[in-house]
Structures are given as C-alpha cells and as structure tokens.
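Step one of this worksheet: look at the structure below.
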Amino acid sequence: GYKLQVEAMEKFAERLGAKPVVKSSNINLFTSLFKGKNGEEGLFIMNFWPSRTKTDITVEGKDIDSFDMNGMDVKFIRIK
C-alpha cells in the first residue's frame, strides 16, 4: 500500500545520502523545506487529498507546531 511506497522512498533517499530533516506525523502530506542564503528557513506543508487532516511537524528534531489542513491545501510557515 501507500505506506510501503513512502517507506521505500525514504530508504532510497537514505541510500543516496539524504538525511531526514522534516518529520510529519501524517504520511499523506508532503513537505518541502527551503533554506535561504541569509539563514532564513521556510516550510511548505501540502495536502493534495480532498479531505481535511491534521499533522504535527518537527524540523531537525525541534517540535514546530500542529496544523489543521483543509483538503487541497498548502501552508507556508517561516521557521527562522
């Protein structure tokens, strides 16, 4: 199922040398972390599913917040 695909992609990325930075408690959401040249960081959280959902986000081991996501929703949060 879907969870096996997510785990396979995580293992594949790990073999390529990627290290996990962003952790979402909901595997159905996509995240993308951006780091600027001046040290600023921002995170996109994307829900491409039609239903509402929730997630807890951790960046580099630090709890960021809990988020309620509408269906087909994108949120941007400034980390630093």
Side-chain angles (χ1 to χ4, degrees):
Y2 183 70
K3 186 175 180 182
L4 292 175
Q5 292 173 346
V6 170
E7 291 171 353
M9 286 302 295
E10 288 174 345
K11 287 180 183 179
F12 178 69
E14 184 180 331
R15 286 186 178 175
L16 293 175
K19 300 200 181 335
V21 176
V22 178
K23 184 77 173 169
S24 171
S25 62
N26 186 333
I27 66 168
N28 294 315
L29 301 179
F30 292 87
T31 59
S32 184
L33 180 67
F34 291 91
K35 293 187 176 190
K37 293 179 183 177
N38 58 359
E40 291 183 334
E41 295 180 1
L43 178 70
F44 283 98
I45 308 167
M46 298 161 273
N47 177 15
F48 297 134
W49 297 91
S51 57
R52 292 181 57 89
T53 191
K54 295 181 181 186
T55 190
D56 297 318
I57 297 289
T58 302
V59 176
E60 296 177 336
K62 180 182 173 189
D63 291 336
I64 300 300
D65 209 343
S66 295
F67 297 91
D68 290 320
M69 303 287 295
N70 291 321
M72 306 301 290
D73 192 13
V74 176
K75 292 187 189 277
F76 178 80
I77 57 168
R78 193 171 298 274
I79 304 294
K80 288 184 184 175

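If you check the side chains of Asn26 and Thr53, you find a donor sitting under 3.5 Å from an acceptor.
For the pair Leu43/Ile64, no side-chain contact is recorded, criterion being any heavy-atom separation below 4.5 Å from C-beta on.
Atoms CZ and CG, from Phe48 and Asn28 in turn, are 12.0 Å apart once rounded to the nearest 0.5 Å. Annotation: the span from Lys19 atom NZ to Glu14 atom CD amounts to 8.5 Å, rounded to 0.5 Å. The line from CE of Met69 to OG of Ser51 is 11.5 Å long, rounded to the nearest 0.5 Å. Atom CZ of residue Phe30 and atom CD1 of residue Ile45 lie 13.5 Å apart, to the nearest 0.5 angstrom. From Lys23, atom NZ reaches atom OG1 of Thr55 across 10.0 Å, with rounding to the nearest 0.5 Å. Here CD of Gln5 is found 10.5 Å from CD of Glu7. Values are rounded to the nearest 0.5 Å.
Ring centers of Phe44 and Phe34: under 6.0 Å apart, within the cut-off.
Thr31 and Ser24 make their closest contact through CG2-CB, 4.5 Å (heavy atoms, listed as atom of the first residue, atom of the second, distance).
In the hydrophobic clustering of this structure, Leu29 groups with Val21; members are Ile, Leu, Val, Met, Phe, Trp, Tyr whose side-chain heavy atoms approach within less than 4.5 Å, directly or through other members.
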Show every donor-acceptor pair shorter than 3.5 Å between a side-chain atom in residues 73-80 and any protein atom, with sequence neighbours excluded, or say none if there are none.
residue	atom	partner	partner atom	Å
Asp73	OD2	Asn70	N	3.1
Lys75	NZ	Asp68	O	3.3

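Annotation: Tyr2, atom OH; neighbour count of heavy atoms from other residues, nucleotides and ligands within 6.0 Å is above 12.
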